[in-house]
J.: 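I'd like to ask you about the structure that follows.
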Amino acid sequence: MEISGADTAFVLICAALVLFMTPGLAFFYGGMVRQRNVLAMLMQNFFTISIVTTLWVLVGFSLAFGPDNGGFIGGLDFMGLKGIGQGITENWANMWAEGNVTMTVPELAFMVFQLMFAIITPALMTGAFAERLKFKAYALIAVLWSILVYAPVAHWVWSPNGWLFKLGALDFAGGTVVHINAGIGALVIALMVGKRKGWPESPEMRPHNLPLTLLGTGILWFGWFGFNAGSALGANGLAVQAFVNTHIAAAVGALGWVVIEWIKDKHPTTLGAASGAVAGLVAITPAAGFVPEWASMVIGLLAGIVCFLFVSVKFKAGYDDSLDVVAVHLVGGILGALLTGVFAVKGVNALGSGLIDGNAAQLGKQALAVGATLLYSGVVTAIIAIVVKAVVGLRVDEETEDVGMDLAEHSERAYVLD
Amino acid sequence: MEISGADTAFVLICAALVLFMTPGLAFFYGGMVRQRNVLAMLMQNFFTISIVTTLWVLVGFSLAFGPDNGGFIGGLDFMGLKGIGQGITENWANMWAEGNVTMTVPELAFMVFQLMFAIITPALMTGAFAERLKFKAYALIAVLWSILVYAPVAHWVWSPNGWLFKLGALDFAGGTVVHINAGIGALVIALMVGKRKGWPESPEMRPHNLPLTLLGTGILWFGWFGFNAGSALGANGLAVQAFVNTHIAAAVGALGWVVIEWIKDKHPTTLGAASGAVAGLVAITPAAGFVPEWASMVIGLLAGIVCFLFVSVKFKAGYDDSLDVVAVHLVGGILGALLTGVFAVKGVNALGSGLIDGNAAQLGKQALAVGATLLYSGVVTAIIAIVVKAVVGLRVDEETEDVGMDLAEHSERAYVLD
Amino acid sequence: MEISGADTAFVLICAALVLFMTPGLAFFYGGMVRQRNVLAMLMQNFFTISIVTTLWVLVGFSLAFGPDNGGFIGGLDFMGLKGIGQGITENWANMWAEGNVTMTVPELAFMVFQLMFAIITPALMTGAFAERLKFKAYALIAVLWSILVYAPVAHWVWSPNGWLFKLGALDFAGGTVVHINAGIGALVIALMVGKRKGWPESPEMRPHNLPLTLLGTGILWFGWFGFNAGSALGANGLAVQAFVNTHIAAAVGALGWVVIEWIKDKHPTTLGAASGAVAGLVAITPAAGFVPEWASMVIGLLAGIVCFLFVSVKFKAGYDDSLDVVAVHLVGGILGALLTGVFAVKGVNALGSGLIDGNAAQLGKQALAVGATLLYSGVVTAIIAIVVKAVVGLRVDEETEDVGMDLAEHSERAYVLD
Amino acid sequence: MKQVVAVIKPHKLDDVKDALKEAGIQGMTVVDAKGFGRQRGQTEVYRGAEYEIEFIPKIRIELVVAESQLDAAVEAIRSAAQTGKIGDGKIFVIPVERALRIRTGEEGEDAL
Amino acid sequence: MKQVVAVIKPHKLDDVKDALKEAGIQGMTVVDAKGFGRQRGQTEVYRGAEYEIEFIPKIRIELVVAESQLDAAVEAIRSAAQTGKIGDGKIFVIPVERALRIRTGEEGEDAL
Amino acid sequence: MKQVVAVIKPHKLDDVKDALKEAGIQGMTVVDAKGFGRQRGQTEVYRGAEYEIEFIPKIRIELVVAESQLDAAVEAIRSAAQTGKIGDGKIFVIPVERALRIRTGEEGEDAL
Ligand SMILES: Nc1ncnc2c1ncn2[C@@H]1O[C@H](COP(=O)(O)OP(=O)(O)O)[C@@H](O)[C@H]1O
Ligand SMILES: Nc1ncnc2c1ncn2[C@@H]1O[C@H](COP(=O)(O)OP(=O)(O)O)[C@@H](O)[C@H]1O
Ligand SMILES: Nc1ncnc2c1ncn2[C@@H]1O[C@H](COP(=O)(O)OP(=O)(O)O)[C@@H](O)[C@H]1O
């Protein structure tokens, strides 16, 4: 089958943009931890690229997009990328045709675009258990999680034979697969590894370098265009729609967060603007290719406000989600997944129609997808964490926490300033 | 009408690049202020994205590109992006046909590409009144300026029915609309808000983080390819020409600035290289799609030298333009706009021909466009500033200036280093 | 001749990505030097853009890609970009046809894409003689090296009439032209300028800002997609292959370096992850468009391990290669060039076949290309360094080394923190 | 009046401050410091090159107290800063001849 | 000879330095410090979590002066650093037994 | 016991530390400082605006020593820190009344 040059150019550049998001995330998170743990944060994120890339090529891609096994997981036919090439084979085209999807980019382009999603998803979790999870434990978790949690859920939702795909659950660019999935996993691990020493009372737990966090925000925003618009898998009107929606939700998300905190806390903050933008981006992710522009405004605004309000829950509930992965990704992801079921309209994308388009049932499907992801990811992550705890332990010792993980775990110091 | 996949891919990626420029600008500026005000600087820039995006979708785009009212401003037909979609309607195509422009990308792609310009323009101003303008005042100024200044001037120059467009004034990517417009607005506000405490004698007014400024420069340069080449609105020979001219002018602009300062001040500086590159980029903006490569060299070189020399004017004239928005954007923009009238040749772009191409009249048109922008933007910005001053006040109090805006206005500290 | 919109879009964006790598490199290096020399590092890199751009437009492009003179160097026909335009002339097409290359992007697009390579190559050298080479000396070296070393070697390998091109040596994106070339040049200059005061015993020689280095790594990785995939000069299957190989080698390179250092030094480090990724990227550069994915894994892994092990050589041999340009670029480049001769298979790219594809002779050709580059670049760089030493001197004085080059050479201070 | 100079481990600052507050001390001035002593620093490794860093991050606290509060202050610091591990730091006491509050010009113990 | 240690507000450093220069003082050494005292710190807020920061940025100045210059030095600092608002800081005077200029080996008041 | 305060050029820290070690000194505490004195600072230039920076980076070393080691310590610092160029810095000696090791509670010279 013919490949489209324009679509290939677009998807490749979008894949590069999505890869750039993981360093972006590293800086976003790295700026928020204490100075003594910034390198540990960067390391967990950068190293995720290595781990997931290796596994994805060897087996992960095949598990996610290989020939279906009961809607739950792909087969091993594509292990080591066997049969995945520079063009589009009939075999490949037929597989997608079953889901009414027409592929116009080389198989390897699809593979690598999807790989970038597989990378950032476990990386998102690192914010929750920051400043105390052993590097060794993280590496092991990333290996297991990537295969046992990410690949199956990606299969359910994005493989043409996945059970949620067939059910008609809508997830344009990863509300369930990426954000809810990572968000619930992050919560489980954060609970199991326990609170940081001194949390929450110590004034030490302030971000050590907010400009670094803002840099991360800028890169994330930039890369997210690749994430969402690239999910159209072609340079077409739908990609444009997703692009526009993504931008609007990010901008309005920041507005929402800043305005609500301005009212509540008396000050508009840069961290608030950054957080709100990311919240908006998270929430629009599943919806980007299904809803009209005004709905993106609503989704962004709600995400900014709801995620801000949810941050305080951790203080009440007493779980130490260091960098608010739960409030931003889990809550933002659920919000976005459900609102996709509300605001999707056929006029934007023939494939999806929600409550306001007269299809109330869609909301149920969305809720089911959310629930299934929560349950599966939550349980399997817990098992993984138990296993990892048994094998290498989860938490660094107290001295490491005092001295900082950069020195103790990585023998490095982030800044040597005169 | 058919859209072109290649052009759509190109314009979308370019729009992402232009969006990335605003964080880039934030770092460029943020590195140059004192540590205590860096977050305030970042906040003003990031928040501009939120404000302008919201307004542009609601009304700004319509005012700039909606059906014409006397060449001065667009109508409200496209409010809330009504009728702006994933394709190209006949209506839309016809409007552009009047200006002999053929659109090959979805309406929404054009909308969002233009939005990124609307965002960065007020953000450019923030450098002039840095370290003392209240955040509340800035937010209000951004709202009013974006609607009352930016939208009309964009309409004049880029709408097929704008009076400057019809007159034949050349502005490829925003010499008047973006740089002169922001430059004069910045000067007016800087004058009205007054000098920083201690300016210019205090040695405190040194850049606090030049690597951050260089990061901003790198991002701006990278993004500017989207700004200028993307303004061809397609992946064609003209885009390539604009791309090449942009790069040359930036490189030679840096060379010019560094060499002249090396001679005058005895030292070549990194801030000089960064400033010269930006000066070159500013000056080539209106010319990028009209002039040959050698002319880009001349424009870049002149920009580097002239802008450097102009910086000292503020000390003599006594206005505190904190980060030299006037010397770089206003002066660079005027230089570029006029030199476009000199160096444009039909061989590069059939739409424009300047002095060296035997068309002396073009220079007059360019001067008129410059003058009209200066006058309109200058006056309306002054009115806006007066109104904002009356409503919320412009300037932070003395204690805030001492303690820093980060703490006083945003309750945050940029760096918490051990 | 027709140009392809998709290919043009792709190559332009890739050129922007490659340009972005030079600031990325500046941060990668800048983070690793001591605080007092970070600006000098950034300056050398940023200023390279200015110098090389100017020269390339005036004469470098013509020397590299102008009509051939005996396979050794191009003629002056394209000086000042004469005849290089927005389309594809018959003349140009014919020249490439001799090498069986079909061009589908405007001449100026090819020119500017190649320019970005010409920029980063001398910039790569700056890491070796960091913290002690006079800026004036560097500027002069960059001028001479860019014309006398880079342009000829680029001609040999990439011009359709270059002797190595004709010989059939394979270098997809610059293993010889960029990395070996810069690596050997860097070594020669580092030897001639001598060790830094206090090297290697002083604990002062630690990286001053590793997050900055990691930022550089992220940008380099991101930009390298443009470097390697863009070298396919079109948005096609081969570009996708190169993209995928590039990413795999980077990821596995980081894995290799981290694992070997974890075993040897007991700690996995962020600088190791960053270094390994770059080593993998360097090694895959010549191979990206010739080898299958599994071979990229092998190449990346070997690069990570071999480059790590080679770092220690400088301590034994006693040469002060400040930031390991030799271990990473020279060794990584040679490794990649030779392994291309091993792993190239016709199934990936009809133009190349190596040892495992039954063509042992290819390895000899690769070795010849490596040897020729080492010899030519080594000798000519030495002559250049001798001349520059005689004219302006190479090394800053001792006081400058103590106080730092930022203050002494550039009159600037990187950070002014409260 | 006496000046008490204490060098402590960075993560003990909050505890020391609280202990001093409890002991009725109203003010102190701290700076980030690096200490050299018996305690061995963490080894740092960059690309395989090991650096034994002999200077270890410490906090230097300085407070001027009335004679009558001296023992309480020293004891507060000692007990709050002690971990029992090498590197806990030192307390030095130095005589002070004058003290003055800049805001009011008050002198002597009133200035503290 | 006496050592004068002054803790002042950061933005007053330039004024104090100028005042000391005028008073004929030739040298001083300053470090960035954080002060704890009666002055309340700015509250910081990160994602809704409020932090009352008890340590406030200060500058610690230290200068050794001849007996004869002591009063002039103290007065110069006091008047230049005073804003009248809480947190202006303190001045302490401590006896010095020896002073030595490293460059020349000069001792005593000649070393200052 | 005496407190020795030395202000030196930053790049001399390692030499001074080594000299003190050789002289048998077991501990010291250092902070980054900025010095004002006869030495002229490097002029900085930003976009053509020149700043004469009067404060120059220095290192402040502080060590408490037994009377018996005082001269050795002062001499070690002096000889290691001396470059002969202006700005080499100063050494001051201040009386110390008490010293205490936090870890063990040891007092006096045993605490050093
Ligand atoms: N003689 C001294 N003068 C000043 N500071 C000292 C002295 N000895 C030790 N210190 C400081 O006390 C810190 C702890 O001392 P060290 O010998 O490591 O352990 P301990 O406190 O258990 O005796 C050192 O890092 C240093 O900052
Ligand atoms: N007893 C003390 N010893 C040393 N420094 C002190 C002491 N008391 C106050 N300071 C320093 O002086 C600063 C100002 O003190 P504070 O009580 O806030 O206000 P004021 O100077 O108006 O009395 C403090 O931040 C602290 O740095
Ligand atoms: N009276 C003083 N009290 C405290 N520190 C001083 C004094 N005079 C000088 N210094 C410190 O010593 C440093 C060197 O002094 P300076 O006058 O520049 O040269 P020199 O050491 O050759 O006399 C200064 O930068 C300052 O830090």
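Note that the coordinates shown come from a computational prediction; the quantities given were computed from them, not determined experimentally. Labels below follow one simple rule: chain letters A, B, ... track the order of the sequence lines, proteins then strands, and each chain is numbered from 1. All values below come from the heavy atoms of this structure, side chains included, with hydrogens, waters and symmetry mates left out.
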J.: Which region of F/V7, side chain (C-beta onward) or backbone (N, CA, C, O), has a non-hydrogen atom less than 4.5 Å from a non-hydrogen atom of chain E, or is it both or neither?
T.: both
J.: Top residue by heavy-atom pair count (under 4.5 Å) with chain E, among F/G84, F/G37, F/A6, F/G89?
T.: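 The answer is F/G89.
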J.: To check you understand the geometry: which heavy-atom pair defines the closest contact between F/A80 and F/A19, and what is its length?
T.: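 The answer is CB-CB, 3.7 Å.
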J.: What heavy-atom pair brings F/A99 and F/L112 nearest, and what distance separates the two atoms?
T.: CB-CD2, 4.0 Å
J.: For F/I86, is it the side chain, the backbone, both or neither that has a heavy atom under 4.5 Å from a heavy atom of chain E?
T.: both
J.: Let's test your reading of the structure: which of F/A33, F/P95, F/G35 forms the most heavy-atom pairs below 4.5 Å with chain E?
T.: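 Of F/A33, F/P95, F/G35, F/P95 has the most heavy-atom pairs under 4.5 Å with chain E.
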J.: Measure F/V4 against the heavy atoms of chain E and call it side chain, backbone, both or neither at under 4.5 Å.
T.: neither
J.: Going from CD1 on F/I61 to CD1 on F/I77, what distance comes out if it is rounded to the nearest 0.5 angstrom?
T.: 5.5 Å
J.: Restricting to pairs with a member in residues 53-79 of chain E, which pass ring pair (Phe, Tyr, Trp, His ring centres under 6.0 Å), not counting sequence neighbours?
T.: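 For residues 53-79 of chain E: E/F36-E/F55.
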J.: Do you know which two heavy atoms are closest between F/I25 and F/A73, and how far apart they sit?
T.: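 Looking at all heavy atoms of both residues, the shortest contact is CD1-CB, 4.0 Å.
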J.: Would you check, one step at a time, whether the test side chain to side chain contact (heavy atoms under 4.5 Å, CB included) holds for E/L100 with F/V74?
T.: CA-CA 9 Å; E/L100 184 148; F/V74 170; 3.8 Å; yes
J.: Pick out which of E/I59, E/V30, E/I8 makes a side chain to side chain contact (heavy atoms under 4.5 Å, CB included) with E/V16.
T.: E/I8
J.: Report every donor-acceptor pair between chain F and chain E with a separation under 3.5 Å, backbone and side chains included.
T.:
from, atom 1, to, atom 2, distance (Å)
F/K2, NZ, E/E97, OE1, 2.7
F/K2, NZ, E/E97, OE2, 2.9
F/K34, N, E/V30, O, 2.8
F/K34, O, E/V30, N, 2.8
F/F36, N, E/M28, O, 2.8
F/F36, O, E/M28, N, 2.9
F/R38, NH2, E/L112, O, 3.2
F/E54, OE1, E/K17, NZ, 2.3
F/E54, OE2, E/K21, NZ, 2.6
F/R60, NE, E/E62, OE1, 3.0
F/R60, NE, E/E62, OE2, 3.0
F/R60, NH2, E/E62, OE1, 2.8
F/R60, NH2, E/E62, OE2, 3.4
F/D71, OD1, E/R98, NH1, 3.0
F/Q82, NE2, E/I102, O, 2.9
F/Q82, NE2, E/R103, O, 2.5
F/G89, O, E/I102, N, 2.9
F/K90, NZ, E/A111, O, 2.7
F/I91, N, E/L100, O, 2.8
F/I91, O, E/L100, N, 2.8
F/V93, N, E/R98, O, 2.9
F/V93, O, E/E97, N, 2.7
F/V93, O, E/R98, N, 3.4

